Amino acid sequence: MVPGALRPRLLRSSCAAWARLLQRPSSGCVYSGVHGFHQEEITKKLQAFAGGSVDLLQQESGIAVLTINYPSRMNAFSGSMMVELEERVSQLESWMDGKGVIVRGADGTFCSGSDLTAVRAISNPQDGMKMSMFMQNALTRLLRLPLISVALVEGRALGGGAELATACDFRLMASGSVIQFVHKHMGLVPGWGGAARLARIVGSRDALKLLGGALKVDSELGLQIGLADGVVEAPRAALALQQAEDWLGRYTEGAAPVIRAVKKVVLSGRELPLSEALRTERDVFGTVWGGQANLQALASKSKHR
């Protein structure tokens, strides 16, 4: 599945840039068969460990809500949920009316990483690396969606749950919530891309502190180091979600093609070499120049409003 940000119909010349960057033609994934990754094989193994769900609500407002739903396991990812996550990302990639997505956990807890039942069953290094590649692909595609994404962290985001939070453009923390990279306590390091993303979000020094110390990051510390972008003060989950939608709405107001174009040019600037990012920006600019939103703005002379 090719992400919306990379569809040849919109960005034909930038596909080559992504191909060079990702070592795979026209794909937002990090791994393919050339890396020894065979998705069908690991998908079959993961589906054997069922439980929970990953639910997707696509709203007319253009804001989707992606919910990690396994409350009895603190919303830990079962194997089947990992597969569902990849499927939900595919749905969002093809949602042309979408502008943003909120990632949250059910019943006031964000996500506690991997369900230990599945972890114990695939504890050999070979299967562990395959699971790592699967989740890195899924979360990289989530981050590269042509949608502005925000993680709404309520309760605890532990281990892989903390990694999931880093796969969004922004993070909002509810009062009393905690983000903690507990991998060290499990004799591990992040394997879903969380360490690489964390270093880019907070810098390498703070990333070392969070990983090496398995520090509990509350909303105050999160704001201080740049891991959190805001704090949600709400007594109930429904209110927290509404506050998150209102917060995201500041950045998604307007025509979907324009908001999606904004995400695409920022994404290319973040991940591509400058010359290729400039060419991508040119191509994206060409998709909105003379478009409906542009023509309406010109007719209303709204530039200086």
Side-chain angles (χ1 to χ4, degrees), residues 54 63-68 74-77 85 88-89 92 99-106 108-113 135-136 138-145 147-183 190 192-211 214-234 237 239-252 259 262-263 266-267 270-271:
V54 178
I63 304 299
V65 180
L66 185 72
T67 303
I68 313 303
M74 290 181 59
N75 296 328
F77 274 95
L85 174 66
R88 300 295 176 258
V89 171
L92 289 170
K99 299 189 287 185
V101 57
I102 298 170
V103 180
R104 66 190 296 257
T109 295
F110 187 69
C111 175
S112 60
M135 289 299 289
Q136 283 191 21
L139 294 182
T140 299
R141 288 168 58 198
L142 173 63
L143 185 58
R144 289 176 175 166
L145 285 170
L147 312 173
I148 299 176
S149 57
V150 59
L152 173 58
V153 179
E154 300 173 274
R156 290 188 282 181
L158 305 178
E163 296 190 66
L164 173 62
T166 67
C168 294
D169 298 311
F170 300 105
R171 281 148 296 282
L172 297 178
M173 297 184 69
S175 298
S177 64
V178 169
I179 298 174
Q180 186 179 14
F181 294 83
V182 298
H183 305 77
W192 296 356
R197 292 188 296 269
L198 181 65
R200 285 163 172 76
I201 294 168
V202 303
S204 60
R205 293 178 65 182
D206 281 328
L208 281 171
K209 293 176 183 178
L210 297 188
L211 296 176
L215 300 182
K216 293 182 178 180
V217 181
D218 59 14
S219 58
E220 181 179 359
L221 179 57
L223 289 171
Q224 179 183 330
I225 65 177
L227 185 57
D229 297 281
V231 178
V232 173
E233 303 280 355
L239 292 177
L241 179 58
Q242 184 59 58
Q243 286 188 26
E245 291 195 37
D246 292 343
W247 187 93
L248 183 56
R250 304 174 197 172
Y251 311 108
T252 57
I259 303 304
V262 167
K263 174 64 182 285
V266 172
L267 179 64
R270 182 176 66 206
E271 299 201 20

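The shown structure was predicted, so the numbers you read here are calculated from the model rather than taken from an experiment. Counting begins at 1 with the first residue of the sequence.
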Ser204 side, atom OG; Leu198 side, atom CG - distance, nearest 0.5 Å: 10.0 Å

Residues forming a side chain to side chain donor-acceptor pair (under 3.5 Å) with Ser149, sequence neighbours excluded: Asp169

Leu152 vs Val103, side-chain contact (heavy atoms from CB on, under 4.5 Å): CA-CA, chis, key distance, verdict: CA-CA 6 Å; Leu152 173 58; Val103 180; over 6 Å; no

For Glu245, all residues meeting side chain to side chain contact (heavy atoms under 4.5 Å, CB included), sequence neighbours excluded: Gln59, Val65, Ile102, Leu241, Gln242

Non-neighbouring partners of Phe77 that pass ring-ring contact (aromatic ring centres under 6.0 Å, His included), sequence neighbours left out: Trp192

Residues, nucleotides or ligands: over 12 heavy atoms within 6.0 Å of Arg200 CZ: no

Heavy-atom pair of closest approach, residues Ala151 and Phe110: CB-CZ, 4.0 Å

Partner set under side chain to side chain contact (heavy atoms under 4.5 Å, CB included) for Ala195, not counting sequence neighbours: Pro190, Leu211

pair Val182-Arg156: side-chain heavy atoms closer than 4.5 Å: no

Which pairs of donor and acceptor atoms, one on a side chain in residues 214-228, lie under 3.5 Å apart (sequence neighbours left out)?
residue : atom : partner : partner atom : Å
Asp218  : OD1  : Glu220  : N            : 3.3
Asp218  : OD1  : Leu221  : N            : 2.8

Atom of Arg141, atom of Val89 and distance for their closest heavy-atom approach: CB-CG1, 3.7 Å

Exam field: side chain Ser112 to backbone Met74, donor-acceptor pair closer than 3.5 Å: yes

Shortest non-hydrogen separation from Phe170 to Asp229 and the atoms involved: CA-OD2, 3.3 Å

Atom of Glu154, atom of Ala240 and distance for their closest heavy-atom approach: OE2-CB, 3.5 Å

Test side chain to side chain donor-acceptor pair (under 3.5 Å) applied to Thr109 - qualifying residues, sequence neighbours left out: none

Partner of Leu164 under side chain to side chain contact (heavy atoms under 4.5 Å, CB included), chosen from Val153, Leu139, Leu66: Leu139

Side-chain donor or acceptor of Lys263 paired with backbone N/O of Leu147 under 3.5 Å: yes

Minimum heavy-atom distance Leu85-Ala138, with the two atoms named: CD2-CB, 4.3 Å

Check: Lys99 side chain, Ile259 main-chain N or O, donor-acceptor pair, under 3.5 Å: no

Distance-minimising heavy-atom pair for Cys111 and Asn75: SG-O, 3.2 Å

Nearest-0.5 Å distance, CD1 of residue Ile63 to OG1 of residue Thr252: 3.5 Å

Residues which pass side chain to side chain donor-acceptor pair (under 3.5 Å) with Glu163, listed by chain and number, not counting sequence neighbours: His183

Distance in Å, Leu248 CG paired with Leu172 CG, rounded so as to fall on 0.5 Å steps: 8.5 Å

Pairs satisfying side chain to side chain donor-acceptor pair (under 3.5 Å), at least one member in residues 170-182, at least two apart: Ser175-Glu233

Contacts of type salt bridge (Lys or Arg N to Asp or Glu O under 4.0 Å), residue Arg88, not counting sequence neighbours: Glu84

Heavy-atom check, side chain of Glu271 versus side chain of Arg144, under 4.5 Å: yes

Separation of Leu267 CG from Ile148 CD1 (nearest 0.5 Å): 11.5 Å

